[in-house]
A.B. asks: 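Okay, handing you the structure first.
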Amino acid sequence: MNNNNVIDIKDIKVHFDIKRSLAQDIIRKNKIILKAVDGVSFSIGKGEILSLVGESGSGKTTTGKAILQLAPLTAGSVDFLGEEVRQKDKAFMKRFRQNAQMIFQDPYQSINPRNIVLDIVAEPLDVHGLVKTEAEREEKVRIALEQAGMGPVEEYLYRYPHELSGGQRQRVVLASSMILEPTFVVADEPVSMLDASIRTGILRLLLELRDKKELSYLFITHDLSLAWLISDRIAIMYLGKIMEIGKPDLIIHKGAHPYTRALTAIMPQPGVNKRTERVILPGETPSPIEELKGCKFSTRCPIAKDICKEIEPLLEEIERGHFVACHFAKEI
Amino acid sequence: MTLLEVKNLKTYFDTSKGLYKAVDGTSFDLDYGEALGLVGESGCGKTTCALSITRLLPKEGKIHGGEILLEKTDLVKLNDNEIRSRRWKDVSIIFQGSMNALNPVMKVGDQIAEAVILHEKASKKEALKRAEELFELVEMPSKRINNYPHEFSGGMKQRAMIAMALACNPKVIIGDEPTTALDVMVQAQILNLLEKLRKELKMGLILITHDLSILAETCDKIAVMYAGKIVEIGTIEDIFEKTAHPYTQRLISCFPNVGKEKILPPAIEGVPPNLLEPIKGCSFYPRCHMGIPICLEVEPESRGLGGKHFAACHRSGEVSHEQ
């Protein structure tokens with residue numbers, strides 16, 4: 001195992017028990033289990049951005065939460081800087097919580113509307129008891145806000161969230177995630193609620209912080225073009241599994257999994273396009289409650305054969321650093 | 001003959017802080033079977049425009065001027081009863097987040113039949129038959145009309161909403177961010193469906209979105225809105241290749257050009273102007289990278305640039321070269 005990795009996850013699974021009705025209990029049907037994440041492994045190096053791309057319900061967010069110990073792991077292990085996170089003592093967990101942060105999707109819901117900006121950004125400091133005096137607290141908040149591009153800081157310190165625009169709110173969220181100077185951040189669709197015109201400002205900020213402080217990110221998004229733009233590697237997720245993982249240009253131009261290729265085919269592109277016939281997958285992602293035999297994608301796959309419905313393909317390296325879970329990856 | 005002509009539309013909201021000029025002098029036209037994309041940042045007046053055309057404005061909102069000509073009839077001048085009989089038959093709308101617009105305690109088929117019974121004076125049986133046909137039109141099994149909304153997935157609810165919008169064979173259909181809450185794959189399915197339907201049924205389609213990238217493949221024309229006005233309008237080629245407004249240019253560059261150079265485009269700094277206050281000169285001036293003194297003084301008029309390409313900028317001829 002490479003010890004330079006900030007995060008190493010191995011075969012993690014997050015399964016949820018679904019409540020059954022009394023009737024189902026009486027006739028003793030089998031337990032209904034929702035497999036949100038079903039055997040995911042990857043690692044993230046220092047200063048690396050790994051994008052996790054997939055449709056809603058594919059388990060992207062649950063994976064992110066499981067890494068941060070915010071969702072219960074059913075199986076598998078999460079290593080942070082070479083140490084296994086699970087079952088560690090309180091002191092370790094406290095350190096872990098300072099070093100690993102999350103940025104949530106919706107800046108309209110993730111900050112307390114009744115707090116002023118100063119208190120929102122300072123909350124992590126208060127929780128961890130890191131500042132002694134009021135002056136020190138404010139100073140740290142000022143630095144964090146400035147770093148997040150909220151200048152002049154005085155103007156915003158005593159404002160409430162409703163007085164801020166969407167972009168400014170997300171900057172406040174960023175400032176409070178970054179104030180503890182974490183080494184690893186899970187960014188869960190940090191720009192999907194924002195207008196295209198202000199998105200790039202937030203993205204630039206994330207990249208700047210990576211360059212300055214060697215931060216590592218797990219960047220969760222459904223937007224493949226965005227993932228291509230900012231990440232070092234892309235992992236494509238479908239129904240709780242990773243289908244393909246590799247460098248952005250490989251994924252976009254030489255995607256080997258039929259699902260990846262379906263995603264790249266429908267990627268909207270600004271500009272005058274020749275309206276080519278696009279392959280659009282029929283139907284929608286099946287429910288993660290259903291027991292699917294074989295490859296999880298086989299129900300919608302345009303090239304599925306008998307073997308796909310029987311045997312689940314494993315993630316295999318088809319060329320250096322390019323892993324694909326498909327029986328026919330080499331033929332495509 | 002033009003199907004729909006919007007001329008100098010002005011829709012203002014009466015708020016406690018004064019008159020909010022959400023749409024302030026917007027003009028465009030739409031032909032049979034044509035698709036127009038209306039694009040802009042949130043708060044630029046896209047939805048207000050749609051609500052004005054369907055006359056569904058909340059009570060604070062009033063049309064203060066302009067004409068909305070649908071096959072030469074001015075929708076603005078119609079009284080409530082007249083517009084009610086025309087709404088859905090002439091113009092229908094698919095709402096943003098329409099998955100939540102379905103009545104949860106009513107079968108989907110019955111909800112569609114409701115509109116047919118009201119407008120076409122059909123019997124319940126005929127109306128349900130029509131609902132079945134509509135379901136097939138939007139590529140769903142017709143027996144699903146007997147389901148309740150919670151039995152549908154997000155994409156299917158959106159299809160049901162499209163079926164409902166088509167119930168009375170409207171001439172114009174407005175999609176207000178019809179795919180925003182959907183997955184990318186389902187979004188592609190829905191956009192394809194809308195494109196197919198408008199061509200088959202020769203409907204005019206107005207597609208409202210903040211995502212410029214999806215318009216290139218779905219629309220014939222694009223209108224870029226900023227602060228209640230259309231700042232540039234033209235064909236897909238005009239907008240993307242002969243860009244004539246700095247705002248359009250910046251908006252286009254906000255989307256990554258996959259496969260080309262990996263550069264993070266500059267954000268458009270600042271925020272749109274407050275529409276409660278009078279704006280002197282060009283409304284985009286404070287955020288514009290090409291501003292010159294005249295922009296601060298004189299509001300640029302929409303000028304023709306050949307064909308159906310119009311832009312409201314003092315330096316419209318120089319934009320493309322500045323990239």
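Residue numbers begin at 1 in each chain, while the letters A, B, ... track the order of the sequences. Just so we're clear, the structure is a prediction, and the values are computed from it rather than from any experiment.
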A.B. asks: Please flag which part of Ile252(A) lies under 4.5 Å from any non-hydrogen atom of chain B: side chain, backbone, both or neither.
C.D. replies: side chain
A.B. asks: At a 4.5 Å cut-off on heavy atoms, which part of His253(A) comes close to chain B: side chain, backbone, both, or neither?
C.D. replies: side chain
A.B. asks: As an exercise: rank Leu203(A), Ile202(A), Leu229(A) by heavy-atom pairs under 4.5 Å with chain B and give me the winner.
C.D. replies: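 Maximum pair count with chain B is reached by Leu229(A).
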A.B. asks: Can any side-chain N or O of Asp195(A) pair as donor or acceptor with the backbone N or O of Glu41(B) at less than 3.5 Å?
C.D. replies: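 Between the backbone of Glu41(B) and the side chain of Asp195(A) there is no qualifying donor-acceptor contact (under 3.5 Å).
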A.B. asks: Please answer whether the main-chain N or O of Leu264(B) pairs with a side-chain N or O of Arg204(A) as donor and acceptor at a distance below 3.5 Å.
C.D. replies: yes
A.B. asks: Which region of Ile239(B), side chain (C-beta onward) or backbone (N, CA, C, O), has a non-hydrogen atom less than 4.5 Å from a non-hydrogen atom of chain A, or is it both or neither?
C.D. replies: neither
A.B. asks: So which part of Leu263(A) gets closer than 4.5 Å to some heavy atom of chain B, the side chain, the backbone, both or neither?
C.D. replies: both
A.B. asks: With respect to chain A, which residue among Glu237(B), His210(B), Gln189(B) yields the maximal number of heavy-atom pairs within a distance under 4.5 Å?
C.D. replies: Gln189(B)
A.B. asks: Side-chain contact, heavy-atom cut-off 4.5 Å: Ile268(B) with Ile198(A)?
C.D. replies: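 In short, these two side chains do not touch, never coming nearer than 4.5 Å.
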A.B. asks: For residues Cys254(B) and Ala196(A), report the shortest heavy-atom separation together with the two atoms involved.
C.D. replies: SG-O, 3.6 Å
A.B. asks: Can you tell which part of Ile214(B) gets under 4.5 Å to a heavy atom of chain A, answering side chain, backbone, both or neither?
C.D. replies: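 Both backbone and side chain.
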A.B. asks: When rounded to the nearest 0.5 angstrom, what is the spacing between CG in Leu281(A) and CE in Met185(B)?
C.D. replies: 4.0 Å
A.B. asks: side-chain contact (heavy atoms from CB on, under 4.5 Å) with Val184(B): which of Leu224(A), Asp223(A), Ile266(A)?
C.D. replies: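 With Val184(B) as partner, side-chain contact (heavy atoms from CB on, under 4.5 Å) holds for just one option, Ile266(A).
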A.B. asks: What do the steps show when you test Lys262(B) against Asp249(A) for side chain to side chain contact (heavy atoms under 4.5 Å, CB included), and what is the final call?
C.D. replies: CA-CA 10 Å; Lys262(B) 267 192 203 180; Asp249(A) 285 312; 4.0 Å; yes
